[in-house]
**Student:** 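Have a look at this one before I ask anything.
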Amino acid sequence: MKNIAVIGAGTMGNGIAHTFAQSGFNVQLIDISEASLERGLNTIAKNLDRMVAKERITEEDKAETLGNITTFTSIPEGVKNASLVVEAATENVDLKLNIFKQLDEACTADTILASNTSSISITQIAAVTNRPDKVIGMHFMNPVPIMKLVEIIRGYNTSDEVTNTIMELSKKLGKTPTEVNDYPGFVANRILMPMLNEAIETLYNGVAGVEEIDTVMKLGMAHPMGPLQLADFIGLDICLSILNVMYDGFKNPKYAPCPLLVNMVRAGKLGVKSGEGFYDYSESRKAEHVAKQFLK
C-alpha cells in the first residue's frame, strides 16, 4: 500500500495528507477548488516549518514530504491507483454518502474506503457502496501530525482483513490505533461530547463563568485544555453536529445539545474558526480573552 488519496484539504484532510506524506506515502489530495488545495498545502508547509524550527525534521525532510503530495480537483482523477482513500470532508451525512457513491464507482474493486467521520455510522456509509466489507472508519485526532490516537471503526460488514490492514497501516504512521464498534459517537465523542455539553449547560445555568469552568477542569482534573476552550477549538458547529447524531441515534435526552450551544451556532459564533465562541480570538488564536457576552 503506497498510494493514498485524501478527500478534503481542510483542517483534518491536510493533517492526514501531511501525516501520510511525511511517512513516505504518495498522497493524492483532493478538494473541489484550487483555492482550498492551496490553503491546505500552505498549512502543511507552515506546520513542517514549525517542525524544522524545533529540529524534529530537516529541510530535506520537509521538501520530501511536500514532494509526496499531488493535488486534484476531480475525484476520478485523484483516486487513480489509490490503495486507500481517506474521506475527510465536512461532517455532513448527505455529503459523505454522495462522496462514497462516487468513490465506489471511481475506485478499483480492491481499494479500501475509509472515513474520518467523528460520529456518522460507518455501516450507513458502507451501505451506499458495493464493497461494504472494504469500508472502515479512521477517526484521526486534531492536530493530526501530533496526536497519536486513531479510532478504527468497524462497520457491520467490515472484514477482519481490512481491519487488520488499517490497524497495521496506522502503526506505520506512528499512531496508536484502537479498534471500536460502530455506534453513535464511537468511543471518543460518546464520552467527550456529553462532557463539553455539560460544561456549556453549567455556563448556561449560571453555575460559573467561562474561565472558572475551564480552570476547574484544567487544575482539578488535569485536563490540558478547559472544555469550553476545547469546544471552541473543535468548532461549536462540529460539536452540535456530533451531539445531534448521537441524540438521533440513541434517542436519549442526555445527548440533547444545550440551547446555548444551538443559539451560538445559529449566530455564527463557532469558536476559533469564526473568531469568537466562548472566547474572543480577534487578537490571538489562544483563549486569552472571554467573549464579551460572557463577561461578568
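Fair warning: this is a prediction, and the values are worked out from it, not measured in the lab.
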**Student:** Please test Val150 against Thr178 for side chain to side chain contact (heavy atoms under 4.5 Å, CB included), starting from the C-alpha separation and ending with a verdict.
**Tutor:** CA-CA 6 Å; Val150 184; Thr178 303; over 6 Å; no

**Student:** Give a yes-or-no answer on whether the side chains of Asn263 and Tyr204 include a donor-acceptor pair shorter than 3.5 Å.
**Tutor:** no

**Student:** Find out whether Ile112 and Val85 are in side-chain contact, i.e. whether some heavy atom of one side chain is under 4.5 Å from a heavy atom of the other.
**Tutor:**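 No, too far: nothing below the 4.5 Å cut-off.
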
**Student:** Got more than 12 heavy atoms from elsewhere within 6.0 Å of CD, Glu64?
**Tutor:**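 No, because the 6.0 Å sphere around CD of Glu64 holds 12 heavy atoms or fewer from other groups.
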
**Student:** When you look at CD of Glu288, are more than 12 heavy atoms from neighbouring residues, nucleotides or ligands closer to it than 6.0 Å?
**Tutor:**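 Atom CD in Glu288 is crowded, with more than 12 foreign heavy atoms closer than 6.0 Å.
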
**Student:** Counting distance only, does the side-chain N/O of Asp31 pair as donor-acceptor with the main-chain N or O of Ala9 below 3.5 Å?
**Tutor:** yes

**Student:** Any salt bridge linking Asp160 with Arg154? Criterion: basic side-chain nitrogen under 4.0 Å from a carboxylate oxygen.
**Tutor:**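 Salt bridge flag = yes for Arg154 with Asp160.
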
**Student:** Under 4.5 Å between side-chain heavy atoms, hopping through other hydrophobics if needed: is there a path connecting Met138 to Val187?
**Tutor:** no

**Student:** Same cluster for Val93 and Tyr255 if Ile/Leu/Val/Met/Phe/Trp/Tyr side chains link at under 4.5 Å?
**Tutor:**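 The answer is no; the residues belong to distinct hydrophobic clusters.
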
**Student:** Might you point out which heavy atoms bring Gln22 and Thr65 nearest each other, and give the distance in Å?
**Tutor:** CA-OG1, 3.5 Å

**Student:** Go through it in stages, so that I can follow the logic: the residues are Val27 and Ile16, the test is side chain to side chain contact (heavy atoms under 4.5 Å, CB included), and I'd like the CA-CA distance, side-chain angles, deciding distance and then a yes or no.
**Tutor:** CA-CA 10 Å; Val27 178; Ile16 294 167; over 6 Å; no

**Student:** Side chain of Asn116, backbone of Phe140: donor and acceptor closer than 3.5 Å?
**Tutor:**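 Yes.
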
**Student:** Please give me the minimum heavy-atom distance between Ala17 and Ile69, naming the atom from each residue.
**Tutor:**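 Closest approach of Ala17 to Ile69, heavy atoms only: O-CD1, 4.4 Å.
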
**Student:** Heavy-atom distance under 4.5 Å between the side chains of Ile213 and Pro227, does that happen here?
**Tutor:**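 When only atoms from C-beta onward are counted, Pro227 and Ile213 do touch, with a gap below 4.5 Å.
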
**Student:** Evaluate the criterion side chain to side chain contact (heavy atoms under 4.5 Å, CB included) for residue pair Arg131 and Thr111; output intermediate values, then yes/no.
**Tutor:** CA-CA 9 Å; Arg131 64 184 83 198; Thr111 301; 3.7 Å; yes

**Student:** Count the heavy atoms of every other residue, nucleotide or ligand shown that sit under 6.0 Å from CD of Glu38, and state whether that count exceeds 12.
**Tutor:**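 Count not over threshold, so no.
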
**Student:** Kindly give the heavy-atom pair with the smallest separation between Pro143 and Phe233, and that separation in Å.
**Tutor:**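 Looking at all heavy atoms of both residues, the closest pair is CD-CZ, 4.5 Å.
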
**Student:** Indicate yes or no for a side-chain donor-acceptor contact from Glu276 to the backbone of Lys269 under 3.5 Å, with no hydrogens or angles considered.
**Tutor:**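 No; judged by distance alone, with no hydrogens or angles, the pair does not exist.
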
**Student:** If the test is side chain to side chain donor-acceptor pair (under 3.5 Å), which one of Glu91, Arg190, His139 qualifies with Ser119?
**Tutor:** Glu91

**Student:** Hydrogens and angles aside, do Asn47 and Arg50 bring a side-chain donor and acceptor to less than 3.5 Å of each other?
**Tutor:**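 Indeed, the side chains of Asn47 and Arg50 share at least one donor-acceptor pair under 3.5 Å.
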
**Student:** About how many Å separate CE of Met51 and CD1 of Ile57, when rounded to the nearest 0.5 Å?
**Tutor:**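 Going from the CD1 atom of Ile57 to the CE atom of Met51 covers 5.0 Å.
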
**Student:** According to a 4.5 Å side-chain heavy-atom criterion applied to Ile, Leu, Val, Met, Phe, Trp and Tyr, with indirect links allowed, do Ile4 and Leu37 form part of one hydrophobic cluster?
**Tutor:**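 Yes; tracing contacts between hydrophobic side chains, which count when under 4.5 Å, links both residues.
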
**Student:** To the closest 0.5 Å, what do you measure between CG (Asp214) and CD (Gln229)?
**Tutor:** 6.5 Å

**Student:** Which ILVMFWY residues can you reach from Met141 by hopping between side chains whose heavy atoms are under 4.5 Å apart?
**Tutor:**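 Result for Met141 is Met147, Leu149.
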
**Student:** Between the side chains of Asp49 and Lys62, is the shortest nitrogen-to-carboxylate-oxygen separation below 4.0 Å, so that they form an ion pair?
**Tutor:**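 Yes, charged N to carboxylate O under 4.0 Å.
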
**Student:** What are the two closest heavy atoms between Leu236 and Gly277, and how far apart are they?
**Tutor:** CD1-CA, 4.4 Å

**Student:** Check whether Asp182 reaches the backbone of Thr123 with its side chain - one donor and one acceptor, N or O, closer than 3.5 Å.
**Tutor:** yes

**Student:** Nearest 0.5 Å please: distance from the CD1 atom of Ile125 over to the CG atom of Asp104.
**Tutor:** 13.0 Å

**Student:** Between Val86 and Ile120, is there a shared hydrophobic cluster once you connect ILVMFWY residues whose side-chain heavy atoms come closer than 4.5 Å?
**Tutor:** no

**Student:** Is the backbone of Met167 close enough, under 3.5 Å, to the side chain of Lys175 for a donor and an acceptor to pair up by distance?
**Tutor:**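 Side chain of Lys175 to backbone of Met167: no pair is present.
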
**Student:** Could you tell me which non-hydrogen atom of Asn68 sits nearest to which non-hydrogen atom of Ala21, and how far apart they are?
**Tutor:**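 Smallest heavy-atom distance, with atoms named: ND2-O, 2.9 Å.
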
**Student:** Is it the case that atom CZ in Phe294 sees more than 12 heavy atoms from other parts of the structure closer than 6.0 Å?
**Tutor:** yes

**Student:** Does the side chain to side chain contact (heavy atoms under 4.5 Å, CB included) test come out yes or no for Asn142 and Ile234, once each step is laid out?
**Tutor:** CA-CA 8 Å; Asn142 185 28; Ile234 294 169; over 6 Å; no

**Student:** In the single-linkage hydrophobic clustering (I, L, V, M, F, W, Y; side-chain heavy atoms under 4.5 Å), do Leu260 and Val210 co-cluster?
**Tutor:**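 Same hydrophobic cluster.
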
**Student:** Any non-hydrogen side-chain atom of Asn189 less than 4.5 Å from a side-chain atom of Val245?
**Tutor:**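 No, every pair of side-chain atoms sits at 4.5 Å or beyond.
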
**Student:** So does Lys254 get a backbone contact from the side chain of Asn252, meaning a donor-acceptor N/O pair under 3.5 Å?
**Tutor:**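 Confirmed, Asn252 side chain pairs with Lys254 backbone.
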
**Student:** Do side-chain atoms of Asn197 reach the backbone of Ala256 as a donor and acceptor pair under 3.5 angstrom?
**Tutor:**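 It does hold such a pair.
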
**Student:** If you link I, L, V, M, F, W and Y whenever their side-chain heavy atoms are under 4.5 Å apart, who else ends up in the same group as Ile146?
**Tutor:**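 Noted: Ile146 shares its cluster with no other residue.
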
**Student:** Atom OG1 of Thr163 and atom CD of Glu179: how far apart are they, to the nearest 0.5 Å?
**Tutor:**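 Thr163 OG1 to Glu179 CD: 5.5 Å, rounded to 0.5 Å.
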
**Student:** Indicate the atoms forming the closest heavy-atom contact of Ala126 with Val135, along with that distance.
**Tutor:**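 So the minimum-distance heavy-atom pair works out to CB-CB, 3.6 Å.
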
**Student:** Is it true that atom CG of Asn81 has more than 12 heavy atoms of other residues, nucleotides or ligands lying nearer than 6.0 Å?
**Tutor:**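 No.
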
**Student:** Using 0.5 Å steps for rounding, measure from the CZ atom of Phe186 to the CD1 atom of Ile153.
**Tutor:** 4.5 Å

**Student:** Check for a donor-acceptor pair, side chain of Asp232 on one end and backbone N or O of Tyr279 on the other, with a separation under 3.5 Å.
**Tutor:** yes

**Student:** What is the distance from atom CG of Leu230 to atom CG of Leu192, rounded to the nearest 0.5 Å?
**Tutor:**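 Reported to 0.5 Å precision, the distance equals 5.5 Å.
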
**Student:** Any side-chain donor-acceptor pair under 3.5 Å between Ser115 and Glu87?
**Tutor:** yes

**Student:** Please list, chain by chain and in numerical order, all residues satisfying side-chain hydrogen bond (donor to acceptor under 3.5 Å, both in side chains) with Glu211, sequence neighbours excluded.
**Tutor:**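 Once residues adjacent in sequence are excluded, Glu211 has no partner under the side-chain hydrogen bond (donor to acceptor under 3.5 Å, both in side chains) criterion.
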
**Student:** Could you check whether any side-chain heavy atom of Pro257 comes within less than 4.5 Å of a side-chain heavy atom of Glu201, counting everything from C-beta outward?
**Tutor:**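 Counting from C-beta outward, Pro257 and Glu201 never come under 4.5 Å.
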
**Student:** Please confirm whether the backbone N or O of Asp248 pairs with a side-chain atom of Lys251, one donor and one acceptor, at under 3.5 Å?
**Tutor:**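 At least one qualifying donor-acceptor pair exists.
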
**Student:** Looking only at side chains, do Asn244 and Ser241 share a donor and an acceptor under 3.5 Å apart?
**Tutor:**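 Their side chains do not contain a donor-acceptor pair, so the 3.5 Å distance test is not met.
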
**Student:** Are the side chain of Asp133 and the backbone N or O of Ser159 linked by a donor-acceptor pair below 3.5 Å?
**Tutor:**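 No, Asp133 side chain to Ser159 backbone: no donor-acceptor pair under 3.5 Å.
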
